[in-house]
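Okay, so here's the structure we're looking at.
The model shown is predicted, which means the values in this text are computed figures rather than measured ones.
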Amino acid sequence: MSGSDQSIDPVKDQAKEQASSTAEKRNAFTELLSAKKKQPKPTTESSRTKHTPRSENPFRTGRDGLGAYIAKPETYPSSVVVNHNEDFVAIHDMFPKSSLHLLLLPRDPTKTHLHPFHAFEDAEFLVKVRTEVHKLRAHAAAELRRKYGKDSAQEQVRQAALIAEPPPDELPAGRDWEKEIMCGVHAVPSMNHLHVHVIAVDRHSDRLKHRKHYNSFATPFFVPIEDFPLAEDDVRRHPTQEGYLKRDFICWRCGKEFGNKFTQLKEHLEREFQEWKRL
């Protein structure tokens, strides 16, 4: 029998037509879903801002964030960069842990990425840093006098003597604001670039938020610049082993102990700050 004479099965043909129709519907449905899936979301100004890559934001550079100030200090306002010269840049800490918190950044490329314990083994470099720290400390002390002099009993006595008629034989010294400034480094720096903290002792700041923030300035984890160079057997070379950051809280001013009760410590620090201003 030739191909043209083959019999036609209507049942089989109907089944084929139904299968073909179903496949067409499924394919159309699949394509519709696929097309919807691939449609890009509309781009808006807010979405561009929200999803800006970290690398495009100069203030989200992690542990290398201080590098920009060292490289181009002249591009920042005075509210950020206090002063700068060929060897150093002084800035306001972006996350201050006291009412006044400055950072001194050396610009020497052979030192800027060294741990301070190693960098300060260079006697000549250490002298330069100490000299600059002394200048920045005086600047910070003048700023504290400007901010809190009107509240200080010692300062008011001096101011009264300055305008007294007749003037006293000896002018009261007034408050020694430089004694209210700590200058030093952390045993484990939080940033890659070498920096020295020049910070008021008051710990009055909403940026002081947890145990590490407080203990990094209230324990031997904070090493005064005057203590360098450190002896080889100085225990502060092993801050993790000593557990400085995990210690119980002790008030920097009165010595009262707070265990691990940070909220109570913060309330106490506020009262201490108000008393400290009035000295």
Between Leu208 and Val201, is there shared hydrophobic-cluster membership here, with clusters defined by ILVMFWY side-chain heavy atoms closer than 4.5 Å?
yes
Going by heavy atoms in the side chains, are Glu242 and Thr219 under 4.5 Å from each other?
no
Answer yes if Val82 and Met191 sit in the same cluster of Ile, Leu, Val, Met, Phe, Trp and Tyr residues linked by side chain heavy atoms under 4.5 Å apart, and no otherwise.
no
Aromatic ring centroids of His92 and His101 under 6.0 Å?
no
Looking only at atom types and distance, does a side-chain atom of Arg130 sit under 3.5 Å from a main-chain N or O of Glu226, one as donor and one as acceptor?
yes
Hey, does the side chain of Lys212 reach the backbone of His210 with a donor-acceptor pair shorter than 3.5 angstrom?
no
Determine whether the aromatic ring centres of residues Phe273 and Tyr148 are separated by less than 6.0 angstrom.
yes
How about Leu114 and Phe125: do any of their side-chain heavy atoms sit closer than 4.5 Å?
no
When you measure from the side chain of Arg207 to the backbone N and O of Pro96, does any donor-acceptor pair fall under 3.5 Å?
no
Give me each pair satisfying salt bridge (charged side-chain N to carboxylate O under 4.0 Å, His left out) with a member in residues 251-269, each pair once, sequence neighbours excluded.
Arg253-Glu272, Arg253-Glu275
Minimum heavy-atom distance between Asn215 and Arg247, given as atom pair plus value
ND2-O, 2.8 Å
Does atom NE2 of His134 have more than 12 heavy-atom neighbours, drawn from other residues, nucleotides or ligands, at distances under 6.0 Å?
no
Can you tell me if CD on Glu74 sees more than 12 non-hydrogen neighbours from other groups inside 6.0 Å?
yes
Straight-line distance of Trp276 CH2 to His204 NE2, nearest 0.5 Å:
9.5 Å
Ignoring hydrogens and geometry, is there a side-chain-to-backbone donor-acceptor pair from Thr112 to Pro109 under 3.5 Å?
no
In this structure, CG of Asp87 is separated from CG of Leu104 (nearest 0.5 Å) by 10.5 Å
Identify the two heavy atoms, one from Pro116 and one from His186, that lie closest to each other, and give their separation to 0.1 Å.
CG-O, 4.2 Å
NZ (Lys147) with more than 12 external heavy atoms under 6.0 Å
yes
Distance (rounded to the nearest 0.5 Å) between Glu155 CD and Arg175 CZ:
8.5 Å
Plane angle bin for Phe258 and His268 - parallel if under 30°, tilted between 30 and 60°, otherwise perpendicular
tilted
Could you see if Val188 belongs to whatever hydrophobic cluster contains Phe120? Use Ile, Leu, Val, Met, Phe, Trp, Tyr and a side-chain cutoff under 4.5 Å.
no
How many angstroms lie between atom NE2 of His193 and atom CG of Leu66, to the nearest 0.5 angstrom?
7.0 Å
Do the side chains of Asp234 and Phe117 get nearer than 4.5 Å, heavy atoms only?
no
Hey, is Lys128 close enough to Asp108 for a salt bridge, meaning N to O under 4.0 Å?
no
Is there a side chain to side chain contact (heavy atoms under 4.5 Å, CB included) between Asp227 and Arg236 once you walk through the steps?
CA-CA 11 Å; Asp227 291 2; Arg236 290 172 293 183; 2.7 Å; yes
Residue set satisfying ring pair (Phe, Tyr, Trp, His ring centres under 6.0 Å) with Phe262, at least two apart, ordered chain then number -> Phe249
Within 6.0 angstrom of Lys150 NZ, more than 12 heavy atoms from elsewhere
yes
If I compare all heavy atoms of Leu102 with all of Ala140, which pair ends up nearest, and what's the gap?
CD1-CB, 4.2 Å
What about His197 and Phe217, are their ring centers closer than 6.0 Å?
yes
Specify the closest pair of heavy atoms between Pro168 and Ala161, including all atoms of both residues, with the distance to one decimal.
CD-O, 3.5 Å
Salt-bridge present (Arg107, Glu132; N to O < 4.0 Å):
no
Least distance between heavy atoms, Ile225 atom then Val133 atom
CG2-CG1, 4.2 Å
Determine whether more than 12 heavy atoms belonging to other residues, nucleotides or ligands lie under 6.0 Å from atom CD of Glu124.
no
Measure the spacing between CD1 of Ile91 and CG of Leu105 and express it to the nearest 0.5 Å.
4.5 Å
Once you round to the nearest 0.5 Å, how far does NE2 of His195 lie from OG of Ser190?
4.5 Å
Find out whether Ile181 and Val198 are in side-chain contact, i.e. whether some heavy atom of one side chain is under 4.5 Å from a heavy atom of the other.
yes
Mind checking whether Ser98 and Glu180 have side chains closer than 4.5 Å, heavy atoms only?
no
Atom of Ile250, atom of Gly255 and distance for their closest heavy-atom approach
CG2-O, 3.5 Å
Please tell me if the side chains of Val223 and Phe228 come closer than 4.5 Å, counting only heavy atoms from C-beta onward.
yes
Is the shortest side-chain heavy-atom distance between Trp252 and Tyr214 below 4.5 Å?
yes
Ile199 reachable from Phe88 in the ILVMFWY side-chain graph, under 4.5 Å edges:
yes
Apart from Val157 itself, what residues make up its hydrophobic cluster, given side-chain heavy atom links below 4.5 Å?
none
pair Leu279-Gln154: side-chain heavy atoms closer than 4.5 Å
yes
Decide whether Phe95 and Val80 are clustered together by the hydrophobic rule: side chain heavy atoms of Ile, Leu, Val, Met, Phe, Trp, Tyr closer than 4.5 Å, transitively.
yes
